[in-house]
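Throughout, a chain's letter reflects where its sequence line sits, starting with A, and its residues are numbered from 1.
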Amino acid sequence: MPAAFYERDVRTVARGLLGAWVASGEGDGLVELQLTEVEAYAGETDPGSHAYRGRTRRNATMFGPPGRAYVYFTYGMHWCANLVCAPEGTARAVLLRAGAVGRGIELARARRERGVAIRDRDLARGPARLTVALGVTGTLDGVDVTDPGSPLRVLAGTRVPRARVAVGPRVGVRGAGAPTPWRFSILGDPTVSGYRPG
DNA sequence: CTTCCGATCTTCT
DNA sequence: GAAGATCGGAAGC
């Protein structure tokens, strides 16, 4: 997607990302997945956002230019990836929650499986599973996803009509920011992550 | 399908 | 010192 795509309202960007492709690596290391579920975070005014209490060492990328990846470590063992939106200085980002792996499915499976077989629909079903399938870790924090030569990039895909987009409360967010209906997913898609009580 | 629990460690108060 | 934008396994329906 072009850089201008990210220079809009964070919810507009989130909706527009459904159906888009996220790609990592190249050649034998290529993995591509189509986004089926995302979540919007609105910076300093959003109680559920990492940027709610201002700029810190971890969330610095959120305050930077749009079209970059904001990758953070959580729960002592998981990486999660966001795409930063504009304008610069406003700390808005879209969390990539789930996707359907299209290309590089063998590599994605090898990265995800730890002894037990995993169904195709579960390969990138959830934000931390998605980063494992793509091979994304903290070293990719801040990379430009609009650059074709980047290790992580986003490409235009199927446009999802409004009628096929489900809107609901965010997952895993507690407190005042939780009920905010800023979670977007493709209606009925089997790769959309399940509900987990807070 | 749902609920409960432990794992594991960085970040910020 | 506590909480966290989670996951996988086990157990219950």
### Message
We want to know whether A/Asp141 and A/Thr61 form a side-chain donor-acceptor pair, criterion being a heavy-atom distance below 3.5 angstrom.
### Response
yes
### Query
Separation of A/Arg97 atom CZ from C/dC7 atom C1', in whole Å?
12 Å
### Query
Who does C/dA5 pair with, Watson-Crick or G-U, both distances under 3.5 Å?
none
#### Entry: N/O donor-acceptor pair under 3.5 Å between A/Gln34 side chain and A/Trp21 backbone
no
### Message
OP1 or OP2 of B/dT10 versus the side-chain N and O atoms of A/Arg57: is any pair under 4.0 Å?
### Response
no
### Query
Once you round it to whole Å, what is the distance between P of C/dA5 and OH of A/Tyr70?
9 Å
### Query
A/Trp79 CH2 to B/dT11 C1': how many Å, rounded?
12 Å
### Query
Between A/Glu39 (CD) and C/dT6 (C1'), how many Å, whole number?
12 Å
#### Entry: Salt-bridge contact A/Asp120-A/Arg109 (side-chain N to carboxylate O under 4.0 Å)
yes
### Query
Is the A/Tyr41 to A/His50 ring centre distance short of 6.0 Å?
no
Please list each protein N or O that sits under 3.5 Å from an N or O in nucleotides 1-3 of chain C, with the distance.
none

### Query
To the nearest Å, how far apart are A/Tyr75 OH and B/dC9 C1'?
13 Å
#### Entry: A/Arg58 side-chain proximity, nearest of B/dT11, C/dG8, C/dG4
B/dT11
### Query
Cation-pi between A/Arg8 and A/Tyr6: NZ/CZ under 6.0 Å from ring centre and within 45° of the ring axis?
no
#### Entry: Below 4.0 Å: OP1/OP2 of C/dG8 and any side-chain N or O of A/Arg129
yes
### Task
Evaluate the criterion side-chain hydrogen bond (donor to acceptor under 3.5 Å, both in side chains) for residue pair A/Arg97 and A/Ser193; output intermediate values, then yes/no.
CA-CA 7 Å; A/Arg97 285 200 58 88; A/Ser193 67; 3.2 Å; yes
### Message
Quick check on contacts: within residues 48-56 of chain A, what sits under 4.0 Å from DNA chain C by heavy-atom distance?
### Response
A/Gly48, A/His50
### Task
Can you tell me the pairing partner of B/dT8 across any strand shown, Watson-Crick or G-U wobble, with both distances under 3.5 angstrom?
none
#### Entry: Between C1' of C/dA5 and CG of A/Leu95, the distance in whole Å
5 Å
## Note on the structure
The nucleotide from C/dA5, B/dC12, C/dG8 with an atom nearest the side chain of A/Met62 is C/dA5
### Task
Determine the interplanar angle of the A/Trp79 and A/Phe73 rings, folded into 0 to 90°, and report it as parallel if under 30°, tilted if 30 to 60°, perpendicular if over 60°.
tilted
#### Entry: Contact under 4.0 Å: A/Arg125 side-chain N or O vs C/dT6 OP1/OP2
no
### Task
Look at A/Asp46 together with A/Arg170 and state whether they make a salt bridge at an N to O cut-off of under 4.0 Å.
yes
### Verdict with reasoning, A/Leu155 to A/Glu32, per side-chain contact (heavy atoms from CB on, under 4.5 Å)
CA-CA 10 Å; A/Leu155 312 164; A/Glu32 277 187 2; 4.0 Å; yes
### Task
Identify which nucleotide among B/dT8, C/dA5, C/dC7 has an atom closest to any side-chain atom of A/Met77, counting heavy atoms from C-beta outward.
B/dT8
### Message
Heavy atoms from C-beta onward define the side chain here; which of C/dA5, C/dC7, B/dT10 lies closest to that of A/Phe73?
### Response
B/dT10
### Query
Can you tell if the side chain of A/Leu187 reaches within under 4.5 Å of the side chain of A/Val165, non-hydrogen atoms only?
no
### Task
When you get a sec, tell me which of C/dT6, C/dA5, C/dG8 is the closest nucleotide to the side chain of A/Ala128?
C/dT6
### Nucleotide C/dA5, atom P - distance to CG of A/Asp141 in whole Å
16 Å
### Message
In this structure, how many angstroms lie between the P atom of C/dA5 and the CG atom of A/Leu83, rounded?
### Response
18 Å
### Message
Tell me if the side-chain of A/Tyr72 makes a donor-acceptor pair with the base of C/dA5, cut-off 3.5 Å, by modelled atom types.
### Response
yes
